[in-house]
Chemist: 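Below you'll find the structure I mean.
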Amino acid sequence: MQFTRDEAETLDRILHWRRDVRHFRRDPVPEAVLRRLRRAVDTAPSVGNARPWRLIRVEDPGLRAGVKVEFARCNTDAKEIYEGDKARAYGRLKLAGIDAAPVQFAVFTATDPEEGHRLGRLTMPETLRQSTAMAIFTLWLAARAENLGLGMVSILDPARMERLFEVPEGWVFTAYLCLGWPEFTDDTPLLHREDWQHNTDTGWETR
């Protein structure tokens with residue numbers, strides 16, 4: 001398979017316009033679109049083809065409320081590490097889309113899946129979590145190509161999330177994702193736009 005220059009440029013635009021979205025419209029996402037996104041995640045690479053990611057689509061109001069409570073608790077704790085202008089800037093940031101995103105996922109990583117037969121992960125078991133991260137990024141790009149936005153909520157306690165979702169032993173919490181139609185699109189990251197942290201160039205050494 002040979003890709004064209006136009007296709008390469010389209011991918012470059014998708015990469016450039018991928019954002020960590022916090023502001024969502026409440027409009028539902030059609031199931032046909034979600035099926036396409038699920039198929040996209042199926043293409044993600046993983047160590048030894050272990051495919052350790054475990055996605056739970058969160059529809060239950062009680063679970064969603066539990067996630068909001070946990071986020072609020074962790075966010076309050078996080079504020080305490082900042083002082084002065086940085087504390088005020090932190091308070092102005094919108095750090096989660098869980099109030100409006102129509103589709104939400106709790107993502108876990110199986111730490112010793114039968115799949116893959118431990119190929120490639122004995123010396124680096126962290127590659128299982130890295131594989132889940134690649135699955136998330138695959139979903140992120142596929143969502144953007146559908147003109148959807150995706151945001152990751154990281155201000156959550158993993159152990160509490162595992163208890164909230166009553167996951168099997170050996171599943172570790174990896175991410176909470178919010179998916180939906182963005183209220184606006186922007187090619188500048190939120191934290192750059194809010195002057196919290198500007199983008200920096202990738203370190204790329206030759207030795």
Chemist: Roughly how far, to the nearest 0.5 Å, is CD of Gln2 from CD of Glu7?
Modeler: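 Answer for the CD-CD pair, Glu7 versus Gln2, is 10.5 Å.
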Chemist: What I'd like to find out is whether the side chain of Tyr176 reaches to under 4.5 Å of the side chain of Val107, using heavy atoms alone.
Modeler: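 Side chain of Tyr176 against side chain of Val107, heavy atoms only: no contact under 4.5 Å found.
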Chemist: Does a sphere of radius 6.0 Å around CD in Glu126 hold more than 12 heavy atoms from other residues, nucleotides or ligands, not counting ones at 6.0 Å or beyond?
Modeler: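 Enclosed: over 12 neighbouring heavy atoms sit under 6.0 Å from CD of Glu126.
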Chemist: In Å and rounded to the nearest 0.5 Å, what is the CG to CD1 distance from Leu177 to Ile98?
Modeler: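 Nearest 0.5 Å value for the CG-CD1 distance: 12.5 Å.
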Chemist: Between CD1 of Ile155 and CZ of Phe71, what distance do you get to the nearest 0.5 Å?
Modeler: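 Result: 5.0 Å between the selected atoms.
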Chemist: Can Phe173 and Asp157 be said to form a side-chain contact (heavy atoms from CB on, under 4.5 Å), step by step?
Modeler: CA-CA 9 Å; Phe173 177 71; Asp157 182 86; over 6 Å; no
Chemist: Measure across Pro45 and Met134 and return the closest heavy-atom pair with its distance rounded to 0.1 Å.
Modeler: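 Distance-wise, the nearest heavy atoms are CG-SD, 3.6 Å.
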Chemist: Rounded to the nearest 0.5 Å, what separates atom CZ in Arg144 from atom CG in Leu15?
Modeler: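 If I round to the nearest 0.5 Å, the distance is 11.5 Å.
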Chemist: Set out, in order, the CA-CA distance, both residues' side-chain angles and the distance that settles side-chain contact (heavy atoms from CB on, under 4.5 Å) for Arg18 and Leu141, then state yes or no.
Modeler: CA-CA 7 Å; Arg18 182 211 59 80; Leu141 294 183; 4.1 Å; yes
Chemist: Does any N or O in the side chain of Thr111 come within less than 3.5 Å of the main-chain N or O of Gly170, such that one atom is a donor and the other an acceptor?
Modeler: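 Looks like yes, one N/O pair under 3.5 Å.
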Chemist: Sub-3.5 Å donor-acceptor pair from the side chain of Trp53 to the main-chain atoms of Ile136, do we have one?
Modeler: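 Answer holds: no.
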Chemist: Please tell me if the side chains of Val67 and Val153 come closer than 4.5 Å, counting only heavy atoms from C-beta onward.
Modeler: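 They are not in contact (no side-chain heavy atoms under 4.5 Å apart), so the answer is no.
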Chemist: How are the rings of Phe108 and Phe165 set relative to one another: parallel (under 30°), tilted (30 to 60°) or perpendicular (over 60°)?
Modeler: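 The arrangement is perpendicular - the two ring planes meet at more than 60°.
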Chemist: I'd like to know if Arg57 and Glu31 make a salt bridge, using a cut-off of under 4.0 Å between side-chain N and carboxylate O.
Modeler: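 Counted as a salt bridge, because a side-chain N and a carboxylate O are separated by less than 4.0 Å.
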Chemist: Taking the side chain as C-beta and beyond, is there a heavy-atom pair between Glu146 and Leu37 under 4.5 Å?
Modeler: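 Answer yes - side chains close enough.
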Chemist: Looking only at heavy atoms, what is the nearest atom pair of Leu156 and Glu70, with distance?
Modeler: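 The answer is CD2-CG, 3.8 Å.
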Chemist: According to a hydrophobic-cluster definition based on side-chain heavy atoms being under 4.5 Å apart (Ile, Leu, Val, Met, Phe, Trp, Tyr only), do Phe137 and Leu55 belong together?
Modeler: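 Shared cluster, yes.
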Chemist: Treating Trp140 as the side-chain partner and Arg19 as the backbone partner, does any N or O pair qualify as donor plus acceptor under 3.5 Å?
Modeler: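 At least one qualifying donor-acceptor pair exists.
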Chemist: State yes or no: do Ile56 and Met161 share one hydrophobic cluster built from I, L, V, M, F, W and Y residues joined by side-chain heavy-atom distances below 4.5 Å, directly or via other members?
Modeler: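 Yes, because Ile56 and Met161 connect within a single hydrophobic cluster, where side-chain heavy atoms sit under 4.5 Å apart.
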Chemist: Under a 4.5 Å side-chain heavy-atom rule over Ile, Leu, Val, Met, Phe, Trp and Tyr, are Val41 and Leu11 clustered together?
Modeler: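 Yes, same cluster.
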Chemist: Could you tell me which non-hydrogen atom of Val47 sits nearest to which non-hydrogen atom of Ser131, and how far apart they are?
Modeler: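 So the minimum-distance heavy-atom pair works out to N-OG, 3.0 Å.
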Chemist: Output yes when Asp77 and Arg73 qualify as a salt bridge under the 4.0 Å nitrogen-oxygen rule, no when they do not.
Modeler: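 The answer is yes: the pair qualifies as a salt bridge.
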Chemist: Applying the 4.5 Å side-chain criterion to the ILVMFWY set and letting contacts propagate, would Leu34 and Trp181 be lumped into a single cluster?
Modeler: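 Leu34 clusters together with Trp181.
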Chemist: Quick check: are there more than 12 heavy atoms from other residues, nucleotides or ligands sitting under 6.0 Å from CD of Glu9?
Modeler: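 Yes, the 6.0 Å shell around CD holds more than 12 heavy atoms from other groups.
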Chemist: Please give me the minimum heavy-atom distance between Leu122 and Pro125, naming the atom from each residue.
Modeler: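 Taking Leu122 first and Pro125 second, the nearest heavy atoms are O-CD, 4.0 Å.
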Chemist: Test your reading of the model: is there a side-chain donor-acceptor pair from Arg121 to the backbone of Gly48, 3.5 Å cut-off?
Modeler: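 Such a contact is absent between Arg121 side chain and Gly48 backbone.
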Chemist: Assess the side chains of Arg13 and Thr10: does a donor N or O sit below 3.5 Å from an acceptor N or O?
Modeler: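 Yes, a side-chain donor-acceptor pair sits under 3.5 Å.
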Chemist: When rounded to the nearest 0.5 angstrom, what distance separates CG in Leu128 from CG in Asp112?
Modeler: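 Spacing of CG (Leu128) from CG (Asp112) equals 8.0 Å.
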Chemist: Count the heavy atoms belonging to other residues, nucleotides or ligands that lie under 6.0 Å from CZ of Arg129, then report whether that count exceeds 12.
Modeler: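 Open.
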Chemist: To the nearest 0.5 Å, tell me how far Leu148 CG sits from Phe24 CZ.
Modeler: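 If I round to the nearest 0.5 Å, the distance is 9.0 Å.
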Chemist: Surrounding CZ of Arg118 (heavy atoms of other residues, nucleotides or ligands, distance under 6.0 Å), is the total greater than 12?
Modeler: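 No - once you tally the heavy atoms of other residues, nucleotides and ligands closer than 6.0 Å, there are 12 at most.
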Chemist: Report the C-alpha separation of Glu115 and Asn49 in whole Å, then their side-chain angles, then the decisive distance to 0.1 Å, and conclude whether the side-chain contact (heavy atoms from CB on, under 4.5 Å) test is met.
Modeler: CA-CA 7 Å; Glu115 296 87 349; Asn49 203 26; over 6 Å; no
Chemist: Assess the residue pair Arg54 and Thr132 against the criterion (side-chain contact (heavy atoms from CB on, under 4.5 Å)); give the C-alpha distance rounded to whole Å, side-chain angles, the decisive distance to 0.1 Å, and a yes or no.
Modeler: CA-CA 8 Å; Arg54 306 290 185 263; Thr132 300; over 6 Å; no
Chemist: Over all heavy atoms of both residues, which pair between Gly149 and Pro182 is shortest? Give the atoms and the distance, please.
Modeler: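 In this case the closest contact between Gly149 and Pro182 is N-CD, 3.6 Å.
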Chemist: Work out which heavy atom in Leu179 is nearest to a heavy atom in Ala143; give both atom names and the distance.
Modeler: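 Looking at all heavy atoms of both residues, the closest pair is CD1-CB, 3.7 Å.
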Chemist: Donor-acceptor check, side chain of Arg22 to backbone of Gly151, threshold 3.5 angstrom: yes or no?
Modeler: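 Looks like no, no N/O pair under 3.5 Å.
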